[in-house]
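Only one structure is covered here, and it is reproduced in the block below.
Chain A is the first sequence line, chain B the second, and so forth, proteins listed ahead of strands; every chain is numbered from 1. Side chains included, hydrogens not; waters and symmetry mates left out as well; all remaining heavy atoms used.
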Amino acid sequence: MTNKLTLLDVDRDGAIEETFARINRETDRSGFLKRAGILAGGIMGGGAVLGALARPAGAATATDVAIANFALTLEYLEAEFYTQAEASGALSGKLATFVQVVGEHERVHVDALKKMLGSAAVAKPTFDFKGTTDEEGAFSETAQLLEDTGVAAYAGQAPRVETDAILNAALAIHTVEARHASWIRHINGNPPAPEAFDKAMSMDAILTAVQGTGFITSKPSMTGSGDPSFTG
Amino acid sequence: MINRLATRQGGLTAALALLVVALVAGLYLYEPRVDDGRVSLPLPGVTAAPEPVRPAGPEQLSDPDGVSRFASVQAPVVAFREPVRGSKVTGKLGRLTPEGTDNIVLALEQVERDGQDWVRVRLPVLPNNSTGWVPREALGFYNEIETRLVVSKQDLQATLYRGGKKIWSAPVGIGLDKWPTPRGEYYVRNKLEKYSSPMYGPIAFGTSARSAVLTDWPAGGFVGIHGTDRPDLLPGKVSHGCIRLRNEDILALAELMSPGTPLSIV
């Protein structure tokens, strides 16, 4: 077991797939204005976790919607990973406890972010975890990668957040992700807090890293069957 | 149990949250440089890990003789002349093509400006050959492709290259002089099949090229690459601007070429 593994090391030969995320939404102003209303309503009607933390967005920016959708896609990935791992029945002892607790957290994160974003929420991608949910060693190593990456992703986006409600939500999730990372690192026999300062990762770096895993199998649909409208 | 723990540890959680807020505020003050997984904090006495050097100029994403990259548009987005919001708009991109397939763009280069990654993409708009900068997050994952299609109007010939090596060639029909096939740099953006119209043959590729003359054509006059029900006319100047191939040639091409392939009409 290594504690230096990164997502970039996992299955670089796996399919490089499109549509990791419907990460981002409009960045034009008209789209933002529509979404700001959606977002505000979504937060007001959100679940217990975010409802207690968030304030009505009021003036969420397009960048914030993009960041929230970026976070949602990471949460989709984590939630599905733990759900599949729990369903496999392959985990026991500390790992079984970990997957039950953390899996529930990630599913709650997904629900909360979806409610916050309302109709602006990105769709859930499809996943292929390549057997890492069916075997304890592969699971624990991958779980550490995902949690470390999640912590770095939230840290990378926090300075970009412009709306207090979104920042509050992001911080509330970020600290929990850090606990998950420490927990699985401890189980794996790695230092729970290896450095004094965590390393943030940019959105592009996260995209590249997750793309490299091949875990996300959605592809753009580039083939159709309608009559062509080309000039002929 | 989780709820009970959360209640018992509420005070500690709040304190930690404040600590995180303070740290984040500190990051603002110290203006960390976030770069490919590393952050440097210019704090006295703190030695950060060496940062990878990121090129100051744009990073090339597509090489005509090597690997090119394309990505889907995640939601409607405006493209700018410069990698700066507020600069002149050079085009708008929707999520879907007129044929209902995911809208993809060829990614040419990427640059970071004030913490924001921008990508210069080729645009399916008039005037032809337009490009524009969009935020990186407006696009999905990069897909890599090694093919490149070149259509010579002079030779009435289409040639497909992979990794710079010729792998296929066939005669073509192009636009009549009054409806010329536009020269320039484009990309293939979708593939249609199982449609009812026989005039397009068995397969039709959509491209980002548009007729500069037939602008009122349905969907805006996009140039396609497709089969035909009049193979006797090929090769020649016979179309409204589209690139026509014999049906056996378009079928062979479809085995070798996917959407995302850069297209040069010379």
Side-chain angles (χ1 to χ4, degrees), chain A residues 6 8 16-28 31 63 66-67 69-70 101 104-105 122 152 155-156 158-160 167 171-172 174-175 178 195-211 216 218-232, chain B residues 2 16-17 20-21 24 27-28 32 34-39 41 46 48 71-72 74-78 98-102 104 115 117 135-138 140-141 143-144 179 189-197 199-200 204 206 211 214 217-219 221-224 226 239-242 259:
Chain A
T6 74
L8 290 168
I16 302 300
E17 304 292 353
E18 179 54 65
T19 321
F20 157 64
R22 300 289 171 179
I23 301 172
N24 300 289
R25 303 304 249 185
E26 299 179 12
T27 51
D28 66 333
T63 298
I67 290 170
N69 267 320
F70 174 67
V101 174
E104 180 61 17
H105 287 177
V122 293
R160 299 181 63 205
L167 181 59
L171 289 175
H174 175 58
T175 54
E195 297 181 52
F197 293 94
D198 274 337
K199 298 177 177 63
M201 288 178 76
S202 70
M203 191 181 286
D204 191 51
I206 294 288
L207 279 171
T208 301
V210 177
Q211 180 178 1
I216 296 177
S218 305
K219 273 187 171 180
S221 171
M222 299 182 291
T223 302
S225 57
D227 270 338
S229 53
F230 314 136
T231 55
Chain B
I2 295 168
L16 288 172
V20 171
V21 170
V24 171
L27 293 182
Y28 273 119
V34 179
D35 192 343
D36 286 340
R38 292 178 182 275
V39 57
L41 299 176
V46 173
S72 61
Q74 299 294 294
V77 65
V78 172
E99 295 75 33
T101 57
D102 285 349
I104 62 169
D117 287 317
R136 173 67 186 92
E137 58 263 33
F141 275 156
N143 293 259
E144 297 184 350
W179 299 315
R189 65 178 191 162
N190 59 14
K191 182 172 81 169
L192 304 180
E193 54 192 8
K194 299 176 182 173
Y195 42 77
S196 59
S197 177
M199 66 174 283
Y200 294 101
S211 171
L214 298 173
W217 194 274
F222 282 96
V223 171
H226 54 76
S239 76
H240 292 85
C242 277

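Both the backbone and the side chain of B:Phe222 come within contact range of chain A, each with at least one heavy atom under 4.5 Å from a heavy atom of that chain. For B:Ser197, the parts sitting under 4.5 Å from any heavy atom of chain A are the backbone and the side chain alike.
The distance from atom CD1 of B:Ile104 to atom CE of A:Met222, rounded to the nearest 0.5 Å, is 5.0 Å. From B:Asp117, atom CG reaches atom OG of A:Ser202 across 5.5 Å, with rounding to the nearest 0.5 Å.
For the pair B:Trp217 (side chain) and A:Gly232 (backbone), a donor-acceptor distance under 3.5 Å is absent.
When side chains are defined from C-beta on, B:Ser196 counts as touching A:Asp227, because their heavy atoms get closer than 4.5 Å. By the 4.5 Å heavy-atom criterion applied to side chains, A:Phe230 and B:Leu192 are counted as neighbours.
Of the listed residues B:Glu99, B:His226, B:Lys194, the one with more heavy-atom pairs under 4.5 angstrom with chain A than any other is B:Glu99. Comparing A:Ala152, A:Pro228, A:Ser229 by how many heavy-atom pairs each has under 4.5 Å with chain B, the most go to A:Pro228.
Of all the heavy atoms in A:Thr231 and B:Val223, the pair that sits closest is OG1-CA, 4.3 Å.
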